[in-house]
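Data block below; observations after.
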Amino acid sequence: MIRKGLAYVDDQTNEEIRINRGTVTSPGKDSPYRNRSVEENLRLFEEMKEGKYADGEKILRAKIDMAHNNMNMRDPIMYRILHTNHHRTGDKWCIYPMYDYAHGESDSIERITHSICTLEFDIHRPLYDWFIAQLGIFPSHQYEFARLNITNTVMSKRKLLQLVKEGYVTGWDDPRMPTICGLRRRGYTPESIRAFCEDIGVAKRDNLIDYSRLEGALRDDLNKRADRVMAVLHPIKLVIDNCPDDFVDELEAVNNPEDESAGKRKITFSNTLYIEQDDFMEDAPKKYFRLTPGQEVRLRYAYYVKCVSCEKDANGNVTVVHCTYDPATRGGDSPDGRKVKGTIHWVNAKDCIEGEVRLFDRLFNAEVPDKVEEGQTFLDNLNPESLTVLTNCKFENAVANAEHLKKYQFERLGYFSVDYDSTKEHLVFNRTCTLKDSWAKQK
RNA sequence: UGUCCCAUAGUGUAGUGGCAACACGAGAGAUUCUGGCUCUCUUAACUCAAGUUCGAAUCUUGAUGGGACAACCA
């Protein structure tokens, strides 16, 4: 390029170059060093490479047009001096190319036909093409597409890096991060991410995809593949008054109603169980199909129980729910054909595992975290409650030996994945996403 | 005070000169031992104006709206 008279060494300072570049609405000025001889340019460039000059003292620029409408064409920088240790060349080679110069060349060397990138590089394409044309090398072509934006999160590497560096998340694989390793740890499957990508497509217009689309893809995938299991996240005790204290029963449960080959398992039952706080209400609205005094519900795979009363602590919080059960409904069906509206999940208090569950919420409160008032940054939109840790959760024994990243559907609650922090002694689950909840909507 | 890119149901993506489609969402219902899944029905869009044409979401021009560009970053 130097020999062709298409590149020159410029001695201007960083500041001078910036000023002489002009603005988007006014042309720039030629550098006083623009017309150096080929021989001088060659010599200076060689010396730059050898490290004779300090960082910033000289640079190599392409000679194009300082009045070009496209700022990228106003004699863009090709090489700058960087006295930095390189993993291959050590301290011998002191110049490094700029992205715009290297981009087309490296694509061309690899015979790339379609070089795909995001929209903001659109305005760089004329330069990409110019370098390839001047060099007369294989004509790679750059195609730009809109980047993927998802609600309530950021996708920029720089911003994600900032979240990691400044400790707003625990690392690149924090389950709240929209990174591949973050999604993996959260419990997303590769298949669900691919299905999501296929679903949303790719085009050139700016887009904002609702986060629920990603959750939808996950539910779709895991619905077919994840074993069902019962777990209670916010336990309250359920005591069956007409069931003797030494009563032990073993019931059969289906692992996955969507996949018969997943088989069945046994779960134990006693007169003391845990149920979800949400599944009991002392004063319930009409359409509440769960436990409330006088109402009968089915304990999944077990028996019908009818609520008789509850106990409360000094603060009025319900601590124990009392029921009676109907021994004739063993397995979950009544011989007299009577129906119950609700089925709730449970865990045997006398035979269960305890552990931790981490619940995640949106990382940012704003749909578009980057949209901020003057003087604020995207960090001001961080959701302080994006992580909730529950330490008093009860699981049925089936999950005892689950390895890291093993996925389950906790019935009626959502999809959960075993976290890297999980050990045999202390189980830790991440909630990947909840199940659709039309009751929550109705409320 | 410029140059460039973009514009189709709420969202996202098809359709590129000849019947505006699909998915998700939303609403209603059916089914159900998960208020999940599944099934049925409904809802809802070509930014505007002019031009070309037998015929325009599609081509042309203009307007409007959104976005990008002034790192020795990528």
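Chain letters run A, B, ... following the sequence lines, proteins first, then strands; residues in each count from 1.
Nucleic acid contact class of A/Gln12 (heavy atoms, under 4.0 Å, all strands): base.
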Review point. How would nucleotides 35-46 of chain B be written as a contact map, 5' to 3', with B for base contact, S for sugar-phosphate-only contact and - for no contact, using protein heavy atoms under 4.0 Å?
Key: BBS---------
**Study point:** Contact pattern, 5' to 3', of nucleotides 9-16 of chain B - B, S or - by protein heavy atom under 4.0 Å
**Key:** --BSBS--
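Of the listed nucleotides (B/C72, B/A70, B/A68), B/A68 has the atom at the smallest distance from the side chain of A/Glu120.
Contacts of A/Asp107 classified as salt bridge (Lys or Arg N to Asp or Glu O under 4.0 Å), with partners at least two apart in sequence or in another chain: none. Judged as a side chain to side chain contact (heavy atoms under 4.5 Å, CB included), and not counting sequence neighbours, the contacts of A/Ile116 are A/Phe145.
Judged purely by atom type and a 3.5 angstrom limit, A/Thr151 uses its side chain to pair as donor or acceptor with the backbone of A/Tyr211.
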Listed pairs, N/O of protein and of nucleotides 57-63 of chain B, under 3.5 Å:
none

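Atom CD in A/Glu215 sits roughly 13 Å away from atom C1' in B/G25 (whole-Å rounding). Computed from coordinates, the A/Ile77 CD1 to B/C72 C1' distance equals 4 Å when rounded to whole Å.
Phosphate contact (OP1/OP2 of B/C72, side-chain N/O of A/Arg21, threshold under 4.0 Å): present. Contact annotation: A/Asn14 side-chain N/O to B/C72 OP1/OP2 distance is under 4.0 Å.
A cation-pi arrangement is present between A/Lys159 and A/Phe378, with the terminal nitrogen or guanidinium carbon under 6.0 Å from the aromatic centre and inside a 45° cone about the axis. With a 6.0 Å cutoff to the six-membered ring centre and a 45° limit on the axis angle, A/Lys287 does not count as a cation-pi contact of A/Phe289.
Base pairing in RNA chain B yields stems of at least 3 consecutive Watson-Crick or G-U pairs, both distances under 3.5 Å, namely B:2-7 with B:64-69, B:10-13 with B:21-24, B:25-30 with B:38-43, B:47-51 with B:59-63.
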